[in-house]
Structure formats: structure tokens, C-alpha cells
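One structure is given below, encoded as C-alpha cells.
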Amino acid sequence: VQLQASGGGLVQAGGSLRLSCAASGPTFSSYVMGWFRQAPGKEREFVAAINWNGGSTYYSDSVKGRFTISRDNAKNTMYLQMNSLKPEDTAVYYCAADYGDYDPTERPPTGGSYPFGSWGQGTQVTVSS
């Protein structure tokens with residue numbers, strides 16, 4: 001699967017942005033999807049993941065309650081709605097895919113990439129104070 005993230009930009013603290021990740025190929029619904037981010041000088045970190053039909057989601061503690069991950073399998077697209085943005089959310093955001101129909105809460109993403117093997121290019125999100 002090929003992935004392309006979009007929707008990044010510059011926003012003031014407290015504002016909102018919605019990122020999109022468009023996937024190519026007919027088997028989008030066969031993938032667990034996720035978002036990661038990498039801030040300047042820091043390692044890439046997990047943000048959120050969603051199972052094949054959107055019925056199960058998993059978030060990092062740093063974004064829980066502020067970000068919402070969702071997907072539209074008919075449009076081969078995943079989203080990340082980001083509300084109450086903070087300057088520390090500034091990063092390049094990447095979308096990723098892992099083939100499978102498992103529940104991400106039962107296989108929590110760890111490190112900067114596990115278990116995702118397919119990646120899109122990043123989109124820059126900058127939150128000003």
C-alpha cells in the first residue's frame with residue numbers, strides 16, 4: 001500500500017487541524033493504520049492507531065482526549081482530527097500501515113515504528129504559542 005499524508009500547516013495554540021492519509025490499492029480495509037510524529041531533535045513517536053473498520057482505536061497518553069483517529073474505507077482515507085493543539089505537538093506527522101485485522105489495543109505500537117511496515121511521507125504541523 002502507498003500512503004500520502006496531507007493537511008499539515010501552521011496553527012495557533014488551542015487551534016485545530018485535520019490530517020488526511022490517502023492510500024492506494026484495493027485492500028485498504030485489510031490494514032491497521034496509524035499516525036506517528038517526529039519533532040526536531042527527537043525520535044519518532046507513536047500518536048494513534050485504528051483497526052480495520054474503525055471499531056477500535058489506541059492513543060498515546062500525550063494526545064488522548066485531544067486527537068481523534070478515524071478512517072473511511074470507501075474513500076481509502078484515514079484522518080487525524082487534532083484539537084486543543086499545543087506547541088509541543090509541533091512535528092512532522094507520518095501515516096503508516098500494517099497488514100492485519102487485529103485490535104491495536106492488543107498489540108500496542110511501540111518505539112518509533114513497530115509494527116508498521118508501510119509509510120507515507122510526512123506533513124509538517126507547527127503550533128505557535
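Quick caveat, the model's predicted, so the values are computed rather than measured.
The closest side-chain heavy-atom distance from P109 to Y114 is not below 4.5 Å. Using a 4.5 Å heavy-atom cutoff, the side chains of Y31 and V1 are in contact.
Judged by distance alone, the side chain of E45 and the main-chain N or O of G112 form no donor-acceptor pair under 3.5 Å.
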Check: side chain to side chain donor-acceptor pair (under 3.5 Å) between R37 and Y93: does it pass, once the steps are laid out?
Finding: CA-CA 4 Å; R37 67 185 181 185; Y93 284 70; 2.9 Å; yes
Next item on the list: Go through the steps to decide whether K86 and D89 satisfy the test salt bridge (Lys or Arg N to Asp or Glu O under 4.0 Å), and finish with yes or no.
Entry: CA-CA 5 Å; K86 305 175 181 180; D89 294 318; over 6 Å; no
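Rounding to the nearest 0.5 Å gives a distance of 5.0 Å between CG of D72 and OH of Y79. Distance check, rounded to the nearest 0.5 Å: CG of L80 to CE of M33 gives 11.5 Å. Separation of atoms CG (L3) and OG (S118) is listed at 6.0 Å; rounding is to 0.5 Å. Going from atom OG1 of T77 over to atom CG of L19 covers 12.5 Å, rounded to the nearest 0.5 Å. How far CD of E88 is from OG of S62: 9.0 Å, rounded to the nearest 0.5 Å. Atom SG in C95 sits 7.0 Å away from atom CD in Q121 (nearest 0.5 Å).
Taking the ring centre of W119 as origin, the terminal cationic atom of R44 falls inside the region bounded by 6.0 Å and 45° from the ring axis. Relative to the ring axis of Y58, R107 does not place its NZ or CZ within 45° and under 6.0 Å from the centre.
When ring centroids are compared, F46 and Y59 stay outside the 6.0 Å threshold.
Take T105 and apply the side-chain hydrogen bond (donor to acceptor under 3.5 Å, both in side chains) test, not counting sequence neighbours, and it matches D103.
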